[in-house]
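Have a look at the structure that comes next, please.
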Amino acid sequence: MYTLFLKCFWEVGAEVDIFRYVTFYSYFVLVLIQLILSCFPEKPPLFSETVRDPNPCPESNASFLSKITFWWITGLMIQGYRQPLEAKDLWSLNKEDTSEEVVPGLARNWAKECVKTKKQPVKLVYSPKKPSKSNGSNHDATEEAEALIIKTAQKKSEASLSKVLYKTFGPYFLMSFLFKALHDLLMFSGPEILKLLINFVNDKDAPDWQGYLYTGILFICTCLQTLILHQYFHICFVTGMRLKTAVIGVIYRKALVITNSARKTSTVGEIVNLMSVDAQRFMDLATYINMIWSAPLQVTLALYLLWQNLGPSVLAGVAVMVLLVPLNAVMAVKTKTYQVAQMKNKDNRIKLMNEILNGIKVLKLYAWELAFKEKVLGIRQEELKVLKKSAYLGAVGTFTWVCAPFLVALSTFAVYVMIDENNVLDAQKAFVSLALFNILRFPLNILPMVISSVVQASVSLKRLRVFLSHEELDPDSIVRGSLKDADGSIIVKNASFSWSRNDPPSLNSIDFTVPEGSLIAVVGQVGCGKSSLLSALLGEMEKIEGYVAVKGSIAYVPQQAWIQNATLKGNIIFGRETKESHYKRVVEACALLPDIEILPTGDGTEIGEKGVNLSGGQKQRVSLARAVYCNADVYLFDDPLSAVDAHVGKHIFEKVIGPKGILKNKTRVLVTHGVNYLPQMDTIIVMVDGEISEMGSYQELLKQDGAFAEFLRTYANAEQNVENADSENSLEWTIHPLVTDASSPTVKEGKRMENGVLVNEASGKQINRQLSNSSTYSGETGKSLQQNSTTELQKAAEDKNTWKLTEADAAKTGRVKAAVYWEYMKAIGLLISFLSIFLFICNHIASLASNYWLSLWTDDPVINGTQQHTHLRLGVYGALGISQGIAVFGYSMAVSIGGIFASRYLHLGLLHNVLRSPMSFFERTPSGNLVNRFSKEMDTIDSMIPQIIKMFMGSLFNVIGACIIILLATPLAAVVIPPLGFIYFFVQRFYVATSRQLKRLESVSRSPVYSHFNETLLGVSVIRAFEEQQRFIRQNDTKVDENQKAYFPSIVANRWLAVRLECVGNCIVLFAALFAVIARKSPGLVGLSVSYSLQITTYLNWLVRMSSELETNIVAVERIQEYSEMETEAEWSIQHTAPPSTWPHEGKVEFRGYGLRYRKDLDLVLKNINVTINGGEKVGIVGRTGAGKSSLTLGLFRINESAEGQIIIDGVDIAKIGLHDLRFKITIIPQDPVLFSGSLRMNLDPFDQYSDEEVWTSLELAHLKNFVSSLPDKLNHECSEGGENLSVGQRQLVCLARALLRKSKVLVLDEATAAVDLETDDLIQSTIRTQFEGCTVLTIAHRLNTIMDYTRVIVLDKGEVAECDSPANLLQKKGIFYNMAKDSGLV
């Protein structure tokens, strides 16, 4: 159009074609009107969909101008500035960005691609299955592979994921190519116009309008560059966002259908990583990928223009750049190795911290905090060593990155003026070259980043492709649906199953039919294939041969209950419609009513992840209730009665599973170990090694006297022992037929205590206690709700709706206080802080001086075609540059080393204070929050903050420097810079308020995506059995969309800000050029000020990004500080009151009017306890659940401080001495044996106080010597996390060995016979009798037979001493003790 216009203009001399003239101008006017109209937003049509959206995204109906300037987000910015944004303020996503639009597209294309690659091999006799709609992938990958092995001639072609991604997202993304190319070309307009400007200033005769024209063109070019660049970024970021959404959605859908063998190759952790890390990598790549062609383009253009400007001497500069590239590459490789080492140390440290936090109770009871603090600090020391090395590297890196442009300029100019006397360095050559070198600097530095990003993304691509190509379960292997003619509801004919295609079958020739409505038991030894049989019926296994049919819908109760993080009611209803009456019946039948009464908000209580705030038995019953509620036709129960105690089990069997239960008309298959239910079964299937050995009713099988009779004999004895056990006492027994086999995995599952039906009797007493021993020492329930000591329940009763599981990690709002920065500076050390600021200033003064010197040099008069003093000018220029380099290196080192000092200091304070916190703190704070402080926040302080400070300071001084230069060159600019600075500051504050909150919202909404995914993977068999896949897919989509809802505004906000700021920068360019044109002083200064102002936009951008980064990251310091100022427990050791080293010499313990409460605002749990226990006495402490038995030991160890009265041991009031002085001298064998990862020796004696002989002796007395000597590493045997590689019984004996090593005069036994089989229990008791003969032993007894021979028994009731005498006397009194003994069957 423009050219046409010109043509007409030039043809004026020729004859005017009236017709063309008129049509052209009318056309021109119409186009103008169209342009003006397109600047107004269009109204959506009346009946469009968007209207229904409560909070639609304004982008879709924004006008053209509003879109290119991102004006449409301003409303949100204003709102965010007035008050912190909340999730409800965010717009809904554009339709084309939502999961339901994006994911199916990718899934479809991937399915097509898979089918295509499958079709290629010819001569293969098999037809590809039609892929199911949402999750296309090769069902038959391995069959195909097997077929291909036979015919090696064909090459197996892989489905290419990159092709699929390109197909799905390519068309939209292609626009960005265009924008990027335009922007790159415009970038070079700056230096070219600068050349014209300098010529204009040099040429005194040039008319003024030329100068103004150049200024105008320069301004227009920079503005266009800004708008185009940010459109480009917007497209890239939106593509990245869609990519992430699509990848997460596809992974989720795939995870629901992959086979179990595929699950083995991709662990839960890996799949979650695919979602979090790899999806993120694709997202990052979307913004970088165009640099692959754009960077070389920029470099070629820049070199071409430089060559035109300076001729061959450019090669010197290029040589310096090329030399720096390998240097940078080497440093990148080195940095990577350091990073790996750093990560390894960090993982070790976090693992240790995790264990410390989980076993903190035990650490406190044994007074081992210092030993573990040393261990953590040992790892930390290694970590800081590596950090120091990377800091040195980083300093060198910063040095090269800051000095590269200068060295390039220096070498080029030096060569240029040295080659030929007649080469004059005038303003035009010097400053145009400088501007071009500045452009060059960016692509050269970004290329290594791009390459590493591409490499990472290709690794991710491969991982993702492998995952998406996994085999899927064959939905047709089992015939589901209503088989009208069939005569049973489950029919299995001659079927064999294996867990994966290549494994030998785990179930062989299974053959049985279950008539409708019958009750079947499956029994057999551990590992004989009972659970596999249920999995086979669910279609979770590979069917090798045979026929399986299941009639109607299925409900499944797995062996390990799967609980969602939802309300209790939500867990039971599980996405069905709510029917109150039915729901009530189910809850009652599953014995959940008492539990619901205890829970703070009844069945609306939120259950934590994996059901942390329920006991094992409660989880199992919720899982059962879910199955019962869904009212299916066939029920598969995988041993649900093992995790509940005997009487609850009986209740459930009668009310639910058995012949008279709710499900009496349904088909039920029950895997069980409980012998006592078998007589009531219709049929019993006995399994041996994956085959059905016999089948029939109870009576028939007894007559056959085969495997079944043997099974009965094995298990009957164990049951008897358990039956005799004390079932009434606070440890309600977990019935476990396998009690004798302590190492069996099922015992571990079963050992969780159960507050089942019994609580009814105790619920009156339950209120004012923390939690009976069942979880006082437990690491497992360390996170549990029960520690919101049941005392809080009284409050909860008054205020039912406000209860939340634990204190959530609160997101801070508002600005970060200056005090935090001051704290950080103090942590660095004020000397280093001020030194680094001083060096920063030196560096920038040197930099400004060198460029100013260059401008003076270029203004040197030219005499006879040469300049005078060239060597002097060059020398000073070089010297200034070198001093600049030294300052850079100095400040870089100072900041990095200071950062390491700071992180050492902050970590030490945090660790010390966390270990000094009282137990109540750990019960209130989820361990996740604490671990987060030690991992995420520490990492930020270690590696992020120093870098950000460097960049922040750098960009700050650059901006200030640029302003100073512009003021020097054109003093007039003083009028303009302050108002522009004010606008800049205002826009930046405006932005930070919103962006900070958006970032918080985004990270808050990200966790649910991962936790929901984790949960799904754990419960995938349950979801498939209930056929709830679609609902879970929808849930996942919603969660991803929620997260992207916060992410989308945050990327747009970045664009909004950048456009605004670059406009401020462009104005500075405009005024610098304009005033230079008006003044027309020396060309050197003009060149200097304009070339500086051309850079200022980049610096401004960086400055905002860095200041907001600094603000978001300095929060880490704040969060660590807040934990360093917590309440602490009493001093660990107090010099002047420390008891003599021989104390306690006889072990006499007196309680004088002792009372205890858990928190200031709660009632006393123990009141006026007056008991004197003489040295060497063996005293049992008994009482019903919640009588205060555990509270007594907590008081003795001062885990909780006394509320009144005192405890005196051998004449020393324990409240007056240091905690370690007390806890070292008395010993406890806790109820839950906690081991830490490390050597066995470390677990027995972390301080290395004892010789090896002493350790071996203690092991011998603990009956562990044979076991330990048989280990390859003997005492150095590595215990895994939590001691998982020892059986529970062995762990209990290790705890005994600890006590034997300490040999203190006072021993407290929190008897933990639940975890130990009967033999081990006897061993422990006899060892205690012999080895601790002269000591005072206090035993909290759960089973009365262990304390019948003690000297005295204290009976507690409601926190007071009810009876206290020898066991024989108490039995005669016929009081509480007598009743308890009667319940236990001892009288």
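Quick note: numbers below take in every heavy atom, side chains included, and nothing from hydrogens, waters or symmetry partners.
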| message | With heavy-atom distances below 4.5 Å as the criterion, would you say the side chains of Lys664 and Pro659 are in contact? | response | no
| Should Val1020 and Val1022 count as side-chain neighbours, where that means a heavy-atom distance under 4.5 Å? | no
| request: Show your working on side-chain contact (heavy atoms from CB on, under 4.5 Å) between Phe653 and Gln680 and close with a plain yes or no. | output: CA-CA 10 Å; Phe653 188 79; Gln680 304 181 47; 3.4 Å; yes
| Exceeds 12 heavy-atom contacts within 6.0 angstrom, atom NZ of Lys655 | no
| field | Distance-only side-chain donor-acceptor flag, Asp638 / Ser531, under 3.5 Å | value | yes
| said: Using side-chain contact (heavy atoms from CB on, under 4.5 Å), reason through Phe497 and Ser535 one step at a time and then give a plain yes or no. | reply: CA-CA 10 Å; Phe497 299 92; Ser535 298; over 6 Å; no
| task | State, with a plain yes or no, whether a side-chain heavy atom of Met681 is found less than 4.5 Å away from one of Leu670. | result | yes
| task | Begin from the C-alpha positions of Glu1002 and Lys1045 and carry the test side-chain contact (heavy atoms from CB on, under 4.5 Å) through to its verdict. | result | CA-CA 8 Å; Glu1002 198 259 336; Lys1045 249 166 77 168; over 6 Å; no
| Do you know the tightest heavy-atom contact between Lys254 and His470? | NZ-O, 2.8 Å
| Does the side chain of Leu663 reach to within under 4.5 Å of the side chain of Val628, using non-hydrogen atoms? | yes
| message | Using only atom types and a distance under 3.5 Å, with no angle test, would you say the side chain of Thr259 pairs donor to acceptor with the backbone of Glu472? | response | no
| request: Using distance alone, with no hydrogens and no angle criterion, decide if Gln1044 and Thr245 have a side-chain donor and acceptor under 3.5 Å apart. | output: yes
| Looking only at atom types and distance, does a side-chain atom of Ser489 sit under 3.5 Å from a main-chain N or O of Thr667, one as donor and one as acceptor? | no
| task | Provide the closest heavy-atom pair for Gly658 versus Leu519 in the form atom of the first, atom of the second, distance. | result | CA-CD2, 4.2 Å
| Residue from Phe1026, Tyr629, Tyr583 passing ring-ring contact (aromatic ring centres under 6.0 Å, His included) with Phe574 | Phe1026
| request: In sequence, state the C-alpha distance, the side-chain angles, and the governing distance for Arg585 and Glu588, and then conclude on salt bridge (Lys or Arg N to Asp or Glu O under 4.0 Å). | output: CA-CA 5 Å; Arg585 264 176 59 210; Glu588 188 179 3; over 6 Å; no
| request: Working to the nearest 0.5 Å, report the span between OG1 of Thr513 and CD of Glu516. | output: 13.0 Å
| Donor-acceptor pair, Arg1024 side chain versus Leu256 backbone, under 3.5 Å? | yes
| task | Kindly state each residue pair satisfying salt bridge (Lys or Arg N to Asp or Glu O under 4.0 Å) with at least one member in residues 568-581, sequence neighbours excluded. | result | Lys569-Glu580, Arg576-Glu1028, Glu580-Lys584
| With Tyr635 via ring-ring contact (aromatic ring centres under 6.0 Å, His included) - residues at least two apart | Phe637
| Looking only at heavy atoms, what is the nearest atom pair of Phe1048 and Cys57, with distance? | CE2-SG, 3.9 Å
| task | Would you please classify the geometry between the Phe1032 ring and the His1012 ring as parallel, tilted or perpendicular, with 30° and 60° separating the classes? | result | parallel
| Can you tell me how far CG of Leu473 sits from CD of Glu540, rounded to the nearest 0.5 angstrom? | 6.0 Å
| Polar side-chain atom of Asn1043 near backbone of Val1040 as donor-acceptor pair, under 3.5 Å | no
| query | Could you give the distance from SG (Cys590) to CD1 (Ile652), rounded to the nearest 0.5 Å? | reply | 6.0 Å
| said: Looking at every heavy atom in both Ala555 and Cys630, which two are closest together, and how far apart are they? | reply: CB-SG, 3.9 Å
| Is it true that Asp1037 and Arg253 make a salt bridge, defined as a side-chain N closer than 4.0 Å to a carboxylate O? | yes
| 4.5 Å side-chain heavy-atom contact, Val492 and Leu537 | yes
| Within the distance-only criterion (no hydrogens, no angle test), does the side chain of Arg621 pair as donor or acceptor with the backbone N or O of Ala591 below 3.5 angstrom? | yes
| task | Look up atom CD1 in Ile573 and atom NE2 in His582, then write down how far apart they are to the nearest 0.5 Å. | result | 9.5 Å
| Are Lys95 and Glu101 within salt-bridge range, i.e. N to O under 4.0 Å? | yes
| Which heavy atom of Ala246 sits nearest a heavy atom of Val103, and at what distance? | CA-CG2, 4.0 Å
| query | Would Asp1041 and Thr98 count as having a side-chain donor-acceptor pair, cut-off 3.5 Å? | reply | no
| query | Counting only N and O atoms by type, is there a donor-acceptor contact under 3.5 Å from the side chain of Asp474 to the main-chain atoms of Asp476? | reply | yes
| Does the pair Arg242/Asp97 count as a salt bridge with the N-to-O cut at 4.0 Å? | yes
| Atom CG of Leu106 and atom CH2 of Trp110: how far apart are they, to the nearest 0.5 Å? | 9.0 Å
| said: Show, in sequence, the C-alpha distance, side-chain angles and deciding distance for Glu654 and Lys660, and conclude whether the salt bridge (Lys or Arg N to Asp or Glu O under 4.0 Å) test is met. | reply: CA-CA 6 Å; Glu654 282 169 11; Lys660 298 193 183 64; over 6 Å; no
| Non-hydrogen side-chain atoms of Val550 and Ile478 separated by less than 4.5 Å | yes
| said: Counting C-beta onward and ignoring hydrogens, is there a side-chain heavy-atom pair between Ile510 and Leu533 closer than 4.5 Å? | reply: yes
| request: Check whether any side-chain N or O of Glu1015 sits under 3.5 Å from a backbone N or O of Asn565 as a donor-acceptor pair, and report yes or no. | output: yes
| said: Applying side-chain contact (heavy atoms from CB on, under 4.5 Å) to Lys551 and Asp633, what does each step give before you reach the verdict? | reply: CA-CA 7 Å; Lys551 183 174 176 183; Asp633 303 320; over 6 Å; no
| request: Find out whether Ser506 and Met541 are in side-chain contact, i.e. whether some heavy atom of one side chain is under 4.5 Å from a heavy atom of the other. | output: yes
| Is there a donor-acceptor pair under 3.5 Å between the side chain of Lys619 and the backbone N or O of Ala561? | no
| Interatomic spacing from CG in Leu592 to CD1 in Ile572 - rounded to 0.5 Å | 5.5 Å
| said: Quick one about Ser518 and Asp682 (side-chain donor to acceptor, distance below 3.5 Å, no hydrogens or angles considered), yes or no? | reply: no
| query | Okay, side chain of Lys543, backbone of Ser477: is any donor-acceptor separation there less than 3.5 Å? | reply | yes
| message | Which residues pass the salt bridge (Lys or Arg N to Asp or Glu O under 4.0 Å) test with Lys666, not counting sequence neighbours? | response | none
| request: Please report the closest heavy-atom contact between Leu507 and Ala536, naming both atoms and the distance. | output: CD1-CB, 4.0 Å
